[in-house]
Participant: 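Mind looking over this structure? Questions follow.
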Amino acid sequence: VCNADEGEPGTFKDRLLLTEYIDTLLEGMTIGGYAIGSNTGVIYLRAEYTFMKAAVEAAIAKRRAENLLGDKILGKDFNFDIHVHMGAGAYVCGEETALIESLEGKRGEPRNRPPFPVDTGLNGHSTIVNNVETFIDAALIIDRGAAWWKQYGTEKSSGTKLFSVSGDCFKPGIYEFAWGITVEELLKQVGGEGAKAVQVGGASGTCVPAKDFGRKICFEDVATGGSVMVFAEDRDMLEVAENFLEFFVEESCGKCVPCRKGCPTLLRGVEELLDGKGSVAYLNKLKSLAETMQCSCVCGLGQAAPNAFLSIIENFSDEVLGR
């Protein structure tokens with residue numbers, strides 16, 4: 001399964017890949033099917049990307065005509081085909097088990113794990129679920145070799161990463177950098193010098209303040225799915241937290257209590273802080289709630305929903321309480 005449900009705020013790299021590199025994606029999925037002995041591939045396409053569906057299906061049909069999909073691919077004893085399944089606009093379906101539930105015609109809710117999809121996935125079959133970029137990277141590595149890939153990045157985060165850069169910078173867009181680039185180096189490339197903070201990883205990511213711009217973007221430091229939002233000095237960081245929490249209140253599937261109740265409670269707390277009604281004691285209660293959500297929610301959405309709030313509270317406490 002290819003997860004093309006690109007719903008993380010501030011992320012738009014997959015839209016480019018689906019438009020410009022669809023053939024490489026299909027090749028990567030075919031390699032994946034061959035590697036695990038699968039005969040079926042599914043592209044789970046974001047509902048807002050309906051305008052891409054015809055082009056993606058045309059690319060699939062072209063590969064079928066060239067015997068690169070379908071039965072006896074290139075004369076080998078290998079059958080593999082791909083079809084497109086449209087999402088319905090739910091952020092939670094970016095989580096792999098909720099995506100599988102949706103594929104099966106059910107409500108998009110995360111499953112309890114274990115079992116994991118590699119054991120029991122779509123319709124009870126072992127299933128791999130990977131991002132658009134991952135399948136494309138797999139095809140490139142097969143073509144150019146592991147040594148080529150490992151010459152980029154860090155020891156624990158090899159290769160390159162696509163970044164969707166937006167916000168208060170002069171050159172927003174999609175960039176490819178090696179893993180291990182510092183936040184400061186990235187800001188220089190995108191014209192974001194003088195920023196107050198950078199949100200790495202979308203609404204569910206980490207808010208990095210200016211004093212920490214020397215941190216590296218990689219799995220061993222600040223990990224990300226690709227979203228980078230730049231915030232200038234005149235941004236109110238508590239308003240940023242409010243914006244993210246409004247998103248999570250809207251997108252929570254409601255399955256588990258910590259997320260269903262926790263997101264609205266955190267939002268109300270931020271609104272009170274914006275009105276100048278907060279105190280250190282009240283702030284500590286909100287932090288305790290957020291930490292509870294991180295360890296008790298069923299899926300990554302609820303676990304990550306408080307991330308931006310906690311990092312903003314930690315790094316901009318004077319701004320939060322000095323109202």
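Position 1 is the first residue of the sequence; numbering continues from there.
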Participant: Which residue pairs pass the side-chain hydrogen bond (donor to acceptor under 3.5 Å, both in side chains) test with at least one member in residues 143-152, sequence neighbours excluded?
Facilitator: none
Participant: When you look at Ile181 and Lys216, which way does the side-chain contact (heavy atoms from CB on, under 4.5 Å) test go after all the steps?
Facilitator: CA-CA 5 Å; Ile181 188 172; Lys216 294 182 178 181; over 6 Å; no
Participant: How about Glu109 and Val92: do any of their side-chain heavy atoms sit closer than 4.5 Å?
Facilitator: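 A side-chain contact is absent here, since even the closest heavy-atom pair is not under 4.5 Å.
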Participant: Is it true that the side chains of Glu6 and Asn131 contain a donor and an acceptor less than 3.5 Å apart?
Facilitator: no
Participant: Enumerate donor-acceptor pairs with a distance under 3.5 Å from any side-chain N or O in residues 31-40 to protein atoms, sequence neighbours excluded.
Facilitator:
| unit_1 | atom_1 | unit_2 | atom_2 | d |
| --- | --- | --- | --- | --- |
| Ser38 | OG | Thr40 | N | 3.2 |
| Ser38 | OG | Thr40 | O | 3.0 |

Participant: So if you build clusters from Ile, Leu, Val, Met, Phe, Trp, Tyr with side-chain heavy-atom gaps below 4.5 Å, do Leu186 and Tyr175 land together?
Facilitator: yes
Participant: Decide yes or no on side-chain contact (heavy atoms from CB on, under 4.5 Å) for Met229 and Arg235, but give the supporting numbers first.
Facilitator: CA-CA 12 Å; Met229 302 179 191; Arg235 292 285 181 180; over 6 Å; no
Participant: Considering only heavy atoms from C-beta outward, does the side chain of Met29 approach that of Phe135 to under 4.5 Å?
Facilitator: yes
Participant: Give, for atom CD1 of Ile174 and atom CG of Asp14, the distance between the pair rounded to the nearest 0.5 Å.
Facilitator: 9.0 Å
Participant: Any side-chain heavy-atom pair from Val132 and Cys2 closer than 4.5 angstrom?
Facilitator: yes
Participant: Would you find a donor on one side and an acceptor on the other, under 3.5 Å apart, between the side chain of Thr50 and the backbone of Ala47?
Facilitator: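 Checked: pair present.
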Participant: Working note: Glu246 + Leu267, criterion side-chain contact (heavy atoms from CB on, under 4.5 Å); need CA distance, chi angles, decisive distance, verdict.
Facilitator: CA-CA 7 Å; Glu246 286 174 344; Leu267 177 58; 3.8 Å; yes
Participant: So does Phe170 have more than 12 non-hydrogen atoms from other groups sitting under 6.0 Å from CZ?
Facilitator: no
Participant: Check each of Asp221, Thr182, Thr206 against Arg215 using the side-chain hydrogen bond (donor to acceptor under 3.5 Å, both in side chains) test, and report the only one that passes.
Facilitator: Asp221
Participant: For Lys255, is there an ion pair with Glu101 - N to carboxylate O distance below 4.0 angstrom?
Facilitator: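 Salt bridge absent between Glu101 and Lys255.
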Participant: According to the salt bridge (charged side-chain N to carboxylate O under 4.0 Å, His left out) rule, which pairs have a member within residues 124-137, sequence neighbours left out?
Facilitator: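 Residue pairs passing salt bridge (charged side-chain N to carboxylate O under 4.0 Å, His left out), neighbours aside: Lys13-Glu133, Glu133-Lys161.
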Participant: Measure the shortest side-chain to side-chain distance between Ile82 and Ile43 over non-hydrogen atoms and say whether it is less than 4.5 angstrom.
Facilitator: yes
Participant: Could you check whether any side-chain N or O of Asn315 sits under 3.5 Å from a backbone N or O of Ser311, counting only pairs where one atom can act as donor and the other as acceptor?
Facilitator: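 It does hold such a pair.
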Participant: Let me confirm one number: the CD-CG distance from Glu27 to Leu68, rounded to the nearest 0.5 Å.
Facilitator: 8.0 Å
Participant: Check whether Tyr49 forms a cation-pi arrangement with Arg46 (NZ or CZ under 6.0 Å from the six-membered ring centre, at most 45° off the ring normal).
Facilitator: yes
Participant: Kindly indicate, with the supporting measurements, whether the criterion side-chain contact (heavy atoms from CB on, under 4.5 Å) is fulfilled by Trp179 and Thr224.
Facilitator: CA-CA 10 Å; Trp179 284 112; Thr224 177; 4.2 Å; yes
Participant: Has Glu184 got a side-chain atom pairing as donor or acceptor with Phe213's backbone, closer than 3.5 angstrom?
Facilitator: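 The answer is no, because no donor-acceptor pair under 3.5 Å joins these two groups.
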Participant: Could you list the residues that satisfy side-chain hydrogen bond (donor to acceptor under 3.5 Å, both in side chains) with Glu104, not counting sequence neighbours?
Facilitator: Lys106, Arg111
Participant: Assigning hydrophobic clusters by single linkage (Ile, Leu, Val, Met, Phe, Trp, Tyr; side-chain heavy-atom cutoff under 4.5 Å), is Ile22 placed with Ile73?
Facilitator: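 They do share one cluster, since a chain of ILVMFWY contacts under 4.5 Å joins Ile22 to Ile73.
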Participant: Using modelled atom types only, decide if a donor and an acceptor are shared between the side chain of Glu95 and the backbone of Pro110 within a distance under 3.5 Å.
Facilitator: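 No.
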Participant: Less than 4.5 Å apart, any side-chain heavy atom of Tyr91 and any of Ser204?
Facilitator: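 Answer yes - side chains close enough.
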Participant: Could you grab the distance from atom CG of Leu162 to atom OG of Ser227, nearest 0.5 Å is fine?
Facilitator: 13.0 Å
Participant: Can you find a pair of side-chain heavy atoms, one from Cys169 and one from Leu187, that are under 4.5 Å apart?
Facilitator: no
Participant: I need the Asn3 CG to Tyr44 OH distance, nearest 0.5 Å.
Facilitator: 8.5 Å
Participant: Would you say that more than 12 heavy atoms from the other residues, nucleotides or ligands in this model lie under 6.0 Å from the CG of Asp77, or not?
Facilitator: no
Participant: Thr30 side chain to Leu26 main-chain N or O, any donor-acceptor pair under 3.5 Å?
Facilitator: yes
Participant: Please round to the nearest 0.5 Å and tell me the distance separating atom OG of Ser157 and atom CD of Glu155.
Facilitator: 10.0 Å
Participant: What salt bridge (charged side-chain N to carboxylate O under 4.0 Å, His left out) pairs are there with at least one residue in residues 279-301, not counting sequence neighbours?
Facilitator: none
Participant: Please check: side-chain N/O of Thr127 versus main-chain N/O of His125, any donor-acceptor pairing under 3.5 Å?
Facilitator: yes
Participant: Would you give me the side-chain donor-acceptor pairs under 3.5 Å for residues 256-266, sequence neighbours excluded?
Facilitator:
| unit_1 | atom_1 | unit_2 | atom_2 | d |
| --- | --- | --- | --- | --- |
| Arg260 | NH1 | Gly254 | O | 2.7 |
| Thr265 | OG1 | Lys261 | O | 2.7 |
| Thr265 | OG1 | Arg268 | NH2 | 3.3 |

Participant: Would a distance-only check, ignoring hydrogens and angles, find a side-chain to backbone donor-acceptor pair under 3.5 Å from Asp5 to Leu45?
Facilitator: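 Side chain of Asp5 to backbone of Leu45: no pair is present.
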Participant: Indicate the ring-plane relationship of Phe163 and Phe177, choosing parallel, tilted or perpendicular according to the 30° and 60° boundaries.
Facilitator: tilted
Participant: Which pair of non-hydrogen atoms, one from Ala232 and one from Lys196, has the smallest distance, and what is that distance?
Facilitator: O-CB, 3.4 Å
Participant: Quick check on the hydrophobic clustering: are Val230 and Ile217 connected, directly or via other members, by side-chain heavy-atom contacts under 4.5 Å?
Facilitator: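 Cluster IDs for Val230 and Ile217 match.
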Participant: Any side-chain heavy atom of Leu273 sitting closer than 4.5 Å to one from Leu286?
Facilitator: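 Yes, close enough: below the 4.5 Å cut-off.
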Participant: Indicate yes or no: at least one non-hydrogen side-chain atom of Pro306 is less than 4.5 angstrom from one of Phe248.
Facilitator: no
Participant: Check whether Ser288 reaches the backbone of Asn284 with its side chain - one donor and one acceptor, N or O, closer than 3.5 Å.
Facilitator: no
Participant: When you measure from the side chain of Glu319 to the backbone of Met237, do you find a donor-acceptor pair of N or O atoms at a distance under 3.5 Å?
Facilitator: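 Checked: pair present.
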Participant: Keeping Ser164 on the side-chain end and Phe12 on the backbone end, is there a donor-acceptor pair under 3.5 Å?
Facilitator: yes
Participant: From Asp71 CG over to Phe80 CZ, what is the distance, rounded to the nearest 0.5 angstrom?
Facilitator: 12.5 Å
